[in-house]
Protein chains: 2
Amino acid sequence: MMRHLLVCGVVGGVAIALLQWSQYRFLVIDHSVEIYGALVAAICSAFGIWLGLKLTRRRPVEVREILVPAAAPFVRNQERVGKLGITPREMEILELVAAGLSNREIAERLFVSENTVKTHCSRVFGKLGAERRTQAVQIAKETGILP
Amino acid sequence: MMRHLLVCGVVGGVAIALLQWSQYRFLVIDHSVEIYGALVAAICSAFGIWLGLKLTRRRPVEVREILVPAAAPFVRNQERVGKLGITPREMEILELVAAGLSNREIAERLFVSENTVKTHCSRVFGKLGAERRTQAVQIAKETGILP
DNA sequence: GGTGTCGTCATTCTTTCGGATGATTTTGGG
DNA sequence: CCCAAAATCATCCGAAAGAATGACGACACC
């Protein structure tokens with residue numbers, strides 16, 4: 001703001017100097033005061049309008065981020081999956097376990113024997129440090145490898 | 001905008017008129033041109049600044065709200081809990097089941113016998129239409145009675 | 001060709017879970 | 001005070017889950 005006032009004053013001074021200078025430089029005609037006054041008024045008004053527009057433009061938009069409950073799309077933490085050494089097949093079994101299926105149902109859905117499912121379960125339980133399927137599911141969700 | 005220009009012109013005209021009028025009204029002194037020019041410049045600049053501020057104030061802030069996904073704080077769907085007839089104690093057991101605890105651990109934590117825990121489990125499983133604890137947890141989360 | 005990983009399957013055994021049922025105690029409201 | 005709901009505990013039994021172990025074939029990699 002102070003800078004704008006300074007600029008305004010400087011411009012005004014220059015305008016005055018121009019006026020005085022031109023008074024001796026050109027023909028002095030009647031009503032010259034009105035003409036010069038109008039000139040100064042026009043210039044300063046234009047400057048004021050420009051200043052107003054500039055001030056308006058100085059804060060264009062304020063972007064306000066609003067936290068809204070939204071279902072964040074789940075992305076599996078593949079890094080930790082790899083770090084734990086969980087194979088794709090084991091992930092598949094783990095997902096079905098989390099879905100609430102029994103070993104038999106999982107075996108039927110994947111066209112393998114129930115013993116195979118139990119083997120996979122045991123392995124993934126060991127890798128997750130779980131002793132029960134519910135615990136395995138809980139740990140998996142906390143770790144970010146299950147939604 | 002047009003109105004502002006009109007106001008500007010009128011003010012300029014009035015200023016000129018004032019200038020001319022005062023020229024015959026008061027003493028004509030030397031350097032009066034500078035003084036009047038400065039006056040006009042000051043008035044018009046003030047007007048311009050006022051105009052700028054007014055324009056600035058006309059649209060104070062343009063707020064653009066952006067929806068950002070946030071972790072929605074879990075609120076239990078008490079309506080469905082009541083509709084299913086799940087008692088507070090059963091909810092407590094269900095939460096511990098979802099946390100991955102075994103019946104024995106739940107019994108120890110709640111200072112009740114394992115049989116009691118099993119009874120509560122059976123009841124809540126029946127109310128949820130589940131046959132296994134993993135399935136019960138899954139259904140509870142889908143229904144909104146567990147986070 | 002040897003090695004390692006992955007997926008598969010089996011057997012045995014123990015633990016846990018879940019269903020069914022009955023009984024007792026506590027508690028809150030009419 | 002009485003009733004109903006809730007919470008507690010028990011017993012029996014079958015099903016499911018889980019641990020431990022061994023084995024076999026497919027496949028990739030060096």
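By convention in this document, chain letters (A, B, ...) are assigned in the order of the sequence lines, proteins followed by strands, and residues within each chain are numbered from 1. As the structure is a computational prediction, the values presented were derived from the model and not from experiment.
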So does A:Ser122 get a side-chain nitrogen or oxygen closer than 4.0 Å to the phosphate oxygens (OP1/OP2) of D:dA19?
-> yes
For B:Glu114 and C:dG18, what is the distance between atoms CD and C1' respectively, to the nearest whole Å?
-> 12 Å
Side-chain contact, heavy-atom cut-off 4.5 Å: B:Phe125 with B:Arg133?
-> yes
Which residues, if any, of residues 91-102 of chain A bring a heavy atom under 4.0 Å of DNA chain D?
-> A:Ser102
Looking at CG of A:Asn115 and SG of A:Cys121, how far apart are the two atoms once the value is rounded to the nearest 0.5 Å?
-> 11.5 Å
What donor-acceptor contacts under 3.5 angstrom involve side-chain atoms of residues 84-97 of chain A, with partners at least two apart or in another chain?
unit_1, atom_1, unit_2, atom_2, d
A:Thr87, OG1, A:Glu90, N, 3.3
A:Thr87, OG1, A:Glu90, OE1, 3.4
A:Arg89, NH1, A:Glu92, OE1, 3.0
A:Glu90, OE1, A:Thr87, N, 3.0
A:Glu90, OE1, A:Lys127, NZ, 2.8
A:Glu90, OE2, A:Lys127, NZ, 3.0
A:Glu95, OE2, A:Arg76, NH2, 2.7

Donor-acceptor pairs are to be reported for all side-chain atoms of residues 138-147 of chain A against protein atoms at under 3.5 Å, with residues two or more places apart or in another chain.
unit_1, atom_1, unit_2, atom_2, d
A:Gln138, NE2, A:Glu142, OE2, 3.0
A:Thr143, OG1, A:Ile139, O, 2.5

How would nucleotides 24-30 of chain D be written as a contact map, 5' to 3', with B for base contact, S for sugar-phosphate-only contact and - for no contact, using protein heavy atoms under 4.0 Å?
-> -------
Sequence-distant partners of B:Thr119, side chain to side chain contact (heavy atoms under 4.5 Å, CB included), two or more places apart | B:Arg123
When you look at CZ of B:Phe74, are more than 12 heavy atoms from neighbouring residues, nucleotides or ligands closer to it than 6.0 Å?
-> yes
Any donor-acceptor pair under 3.5 Å linking the side chain of B:Glu108 with the backbone of B:Glu105?
-> no
How far does the helix from C:dG1-D:dC30 to C:dG30-D:dC1 bend, going by the axes of its first and last five pairs, to the nearest 10°?
-> 50°
Please report the shortest heavy-atom distance between A:Ala98 and A:Val137, naming the atom on each side.
-> CA-CG2, 3.6 Å
Would you indicate whether the side-chain heavy atoms of A:Ile106 and A:Leu110 approach each other to under 4.5 Å?
-> yes
Under 3.5 Å, which protein N or O atoms sit close to an N or O of nucleotides 26-28 of chain C? Give each pair with its distance.
none

Residue met sooner reading DNA chain D from 5', once A:Thr119 and B:Leu110 are mapped to nucleotides = B:Leu110
Nearest atoms (heavy-atom pairs only) where A:Leu101 meets B:Arg132 | C-NE, 3.8 Å
Selection residues 78-87 of chain A - residue pairs positive for salt bridge (charged side-chain N to carboxylate O under 4.0 Å, His left out), sequence neighbours left out | A:Glu79-A:Lys83
Kindly state which residues belonging to residues 131-147 of chain A come within less than 4.0 angstrom of DNA chain C, counting heavy atoms of the residue only, listed by number.
-> A:Arg132
For nucleotides 11-15 of chain C, give me every protein contact, N/O to N/O, under 3.5 Å, one pair per line with atom names.
none

What's touching nucleotides 3-7 of chain D from the protein side, N or O pairs under 3.5 Å?
unit_1, atom_1, unit_2, atom_2, d
D:dA7, OP1, B:Arg89, N, 3.2
D:dA7, OP2, B:Thr87, OG1, 2.3

Qualifying residues under side chain to side chain contact (heavy atoms under 4.5 Å, CB included), relative to A:Ser122, sequence neighbours excluded = none
A:Asn103 CG to D:dA19 C1': how many Å, rounded?
-> 13 Å
Measure the shortest side-chain to side-chain distance between B:Val117 and B:Val112 over non-hydrogen atoms and say whether it is less than 4.5 angstrom.
-> yes
